[in-house]
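Order of the sequence lines fixes the chain letters, A, B, ..., with proteins taken first and strands second; residue numbering starts at 1 for each chain.
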Amino acid sequence: MSDAPLAVSARDLRRDYAMGDAPVHALQGVSLDVAAGDYAAIVGPSGCGKSTLLNLLGAIDRPTAGSVRIQGKPVESLSDREATRFRLLHIGFVFQRFYLMPALSAAENVELPMAEAGLSRAQRRARARELLRYVGLEARADHRPTQLSGGEQQRVAIARALANRPALLLCDEPTGELDAHTGAEIIALFERLNAGGTTIVVVTHDEELAAAARRVVHVKDGRILSDTRVR
Amino acid sequence: MLVTLARASLAGRRARTALAVVGVAVSAALLLDMVMLASGMRASFRELLDVRGFTIRLAPRGTLPFDTDARIDSAGAIMARLGANPDIVAVSPVLGGQLHVLGPGGGVTAVAIGINPAVQGDYTLRTGHDIAGPDQAVVSADLLAAAHARVGDTLDVAGGYDAQLRAVTRERRIVIAGTAHFIYTPANPKAMAMPLATLRAMTGAAGDPVSLFMLRLRAGADADSVQRWIERAIPRVSAVSTASALRQVDRRLSYFRQLAFILGSVSLTVGVLLVATLVTVSVNERLGEIAVMRAIGVSTRSIVAQVMLEGVAIMLAGATLGLGLGLVTAHYLNGILSQFPGLPAAIDFFLFQPRDAWVSLGLLALAGVLAGVYPAWRGASLPIAATLRDEAVA
Amino acid sequence: MGDRLVIRATPTGPADTVIVGAVVRASADPSEVARDEYRVLVHLDQLQSLIGYGDRVDRFAVATRDRAATGRAMAAINDAAFGFQAHRSRDIAVETSQTFLVVSRFHHAIGVITIVASAVFLLCIMLLKVDERRRDVAALRLMGISAATVLRSVVLEAAMVAVAGSALGVGLGAAISAAVNAHYRGVYRTPLAFSIVTPEVVGFSVALSLVLGVAAGFLAARRLTRVPPLALFGR
């Protein structure tokens, strides 16, 4: 893995928040490299800064200090518009609470990032169908999120995250709202995706999910405690 | 995709959307009415003045240029002076008066105008033929009905009625040559037109008075310079061109324009407030959804467009409904104002002019959309990470 | 004041010299409104000679002792066949105020339309205002607060908003009314009041906005409290 190009590279990341009058140092100098094709799990107690780290790696948030390069491109200096476009084309997000658009069908939810990217309707349809088939939900393409189970919704969310063939898939507690059985399905899906070459970074409390990763990064109090390659 | 999201957002809050559409419809209707009131009255008046091609009127100062109660003496001398100007191709003298058509049950009082049938611009013939002799008249349909007469009948008409002696004076037999539509009279007039000399004799007028003159100019003549020439040559009358008559009417009826402006502004404000509030609430409710869309790479512009699409949809639906509502209320309000004393019934206070209507509704839509831009843009510019966290906590 | 003016009935007619003795305030007479002309009051005989009227007058105003006397005087004048006719001032006033009757009817109609418009607007705003409280309502309900209590609190809030809005509206209305009066008094040079904020008007508008506000608050709150709290959270 070490000789593969870097999908993401963070250097000395710091992130401070103002919470009332007191400043909160959510990240206090984190450096992390994730090679293309890797599968890393970031674990740690609540409030340790792992979601903050994920947001910085995904160009959703900006560091107070430090730099993030995704596929070699420094993203902290991108304008909001550029960062948005960058996320659209290069990063896939999966959230704990799925966050599907309730008004859109499963297929339309998957098509949404492609529509924004300017793909034709036919291209969108075909790709959405392909992705839904991949996550095993082809038959549920026309269902609304409210007609789907939690696990199904998360699989749609994963299909959506993959829509524009991102270089990096960032997942924030993707099994946090699921029971053990459906959680296992999602874990298996991630393994399958990674085996197919997708770079994945997950933030999780779920030991089984962490155990499925190739590498486990422990974060505590805004710092990396350990970075262990499991396989 | 945007359309689907906007439609779903509107359909998801049906009662709210319906009420907003009704709210916009009512303010659009009021706005349309006020635009119709502000510009319609003027357009309608201009149309009325220009209908027969007489572009200048001579009238005593301070009167409306179709006021048949006014008096100008020594009309013959004025006609002679006017004839000297080569720009003036026709002069139509008009005298107003009141006559009594005698008959069983006390008869009918009629508004009479004395004209020169060859150059008159006060009526258009409907049935029968035009006045061909001194004892002929054309009458309005209402007078014909009130006098229980038919075209070709002879009426006994009196020029005066002495209340103390309870007797008619200056009686004359008049043949009804035809019926006509009288352009400058109030609604449903009992009116008759006859040769000027006949009316003068019947009303017992001394000298040769008229109420007003209407002048037709040579094609290409400058109305303003003719008007100035008349005011220099004949100082005792004021010459009123269509433009200056419009100015006069503007001044006398400025109240309605001001009212229209104020109420129009209020309804525009209300419409904008309504849409702005709706969009703000709609955005606030969907901050999480918006943050997620931003996170997965949907641009601020797309999100603002989607929110504005909702505003536009409400505005369009409201404006369409408002157009119908506005036309109905304008008809009703016009009915009230057409009772205005001293103004021809043909003047519409509310005149539907498609261009103005579209301008006003476009204005409303634009204002509404603009009102929606700020909340939409603000919602889409919130920090994504913090919003997602807050929404997750909420 | 005190200046000498030369007055004529027509530009070429006989002239007379007068001294400006007083400036009179225009009377609050609706029939004088929009008459764009200057006025001068001179002695009757002076005007008669200026305009060549001889001993003629346009009309007499006759004062009577009481209503019965008015009737008797009218009958006496009309029966005496003087060649003119007596009218009651009131009848003349009705005839000459036709313009104002029309304007007043028009105002009424516009008023009704405006009230309908503002009612819809108020309903809409109130509905939105309550709808915005979805999550608060859900949280309260989940905490075990009864639907009735939630309903009462929402309606109370709606009433408070309506009262505050009405107070603001009355103030705004009074200010606009003052501005309208100042404007039109200037335009038409008359001391007439064009817009009056009466206690009835204030009472009506406040009552209307209270009733509509509370009704809208109640309807919206009842809809919210009937939905299961979790559904309000969007789950």
Side-chain angles (χ1 to χ4, degrees), chain A residues 15 17-19 26 51-56 58-62 79-105 108-119 121 124 144 157 160-164 166 170 172-173 176-177, chain B residues 1-14 16-17 279 281-311 313-314 373 376-394:
Chain A
R15 183 69 172 94
Y17 297 112
M19 192 153 298
S51 289
T52 304
L53 177 59
L54 196 77
N55 289 338
L56 292 177
I60 280 185
D61 198 4
R62 278 161 198 264
S79 70
D80 183 60
R81 199 158 153 186
E82 290 164 338
T84 303
R85 190 76 188 163
F86 191 82
R87 287 196 300 271
L88 178 71
L89 299 177
H90 304 287
I91 301 170
F93 278 99
V94 177
F95 304 94
Q96 177 176 357
R97 291 172 63 182
F98 332 131
Y99 288 137
L100 298 175
M101 300 296 128
L104 303 181
S105 68
E108 285 170 332
N109 264 291
V110 178
E111 283 182 45
L112 181 63
M114 295 186 266
E116 181 70 14
L119 265 66
R121 181 172 287 237
R124 274 165 16 208
R144 293 286 159 100
R160 176 179 70 183
L162 297 171
N164 287 327
L170 298 176
D172 193 356
E173 302 278 9
E177 297 248 328
Chain B
M1 206 63 68
L2 284 184
V3 176
T4 313
L5 284 171
R7 200 179 52 210
S9 166
L10 291 175
R13 301 263 186 277
R14 249 179 229 110
R16 181 198 290 182
T17 306
V279 171
V281 172
S282 168
V283 166
N284 285 345
E285 277 175 355
R286 283 183 296 162
L287 287 180
E289 209 172 283
I290 289 172
V292 171
M293 291 216 276
R294 297 271 293 116
I296 65 173
V298 177
S299 69
T300 309
R301 220 172 47 195
S302 295
I303 291 167
V304 170
Q306 185 220 316
V307 174
M308 273 169 49
L309 204 61
E310 288 176 35
I314 289 176
V373 170
W377 175 80
R378 197 185 47 95
S381 317
L382 285 176
I384 300 165
T387 309
L388 279 178
R389 199 173 50 238
D390 291 348
E391 289 296 303
V393 170

Chain B contact via [X] - which portion, at a heavy-atom distance below 4.5 Å:
| X | value |
| --- | --- |
| A/Arg62 | neither |
| A/Gln96 | neither |
| A/Phe95 | side chain |
| A/Arg121 | neither |

Of all of A/Glu111, A/His90, A/Arg81, which one pairs up most often with chain B through heavy atoms under 4.5 Å apart? A/Glu111

Could you grab the distance from atom [atom1] of [X] to atom [atom2] of [Y], nearest 0.5 Å is fine?
| X | Y | atom1 | atom2 | result |
| --- | --- | --- | --- | --- |
| A/Arg87 | B/Ser299 | CZ | OG | 10.5 Å |
| B/Ile384 | A/Asn55 | CD1 | CG | 9.0 Å |
| B/Leu388 | A/Tyr99 | CG | OH | 5.0 Å |
| A/Leu112 | B/Ile296 | CG | CD1 | 4.5 Å |

Return yes if a side-chain donor-acceptor contact under 3.5 Å exists between A/Thr84 and B/Arg294, otherwise no. yes

Contact part of B/Arg301 toward chain A, heavy-atom cut-off under 4.5 Å: side chain, backbone, both or neither? side chain

I need the minimum non-hydrogen distance between B/Ala385 and A/Ile60, along with the two atoms involved. N-CG2, 3.7 Å

Closest non-hydrogen atom pair between A/Leu88 and B/Gly297, with its separation: CB-O, 3.5 Å

Any A/Glu108 side-chain heavy atom under 4.5 Å of B/Leu5 side chain: no

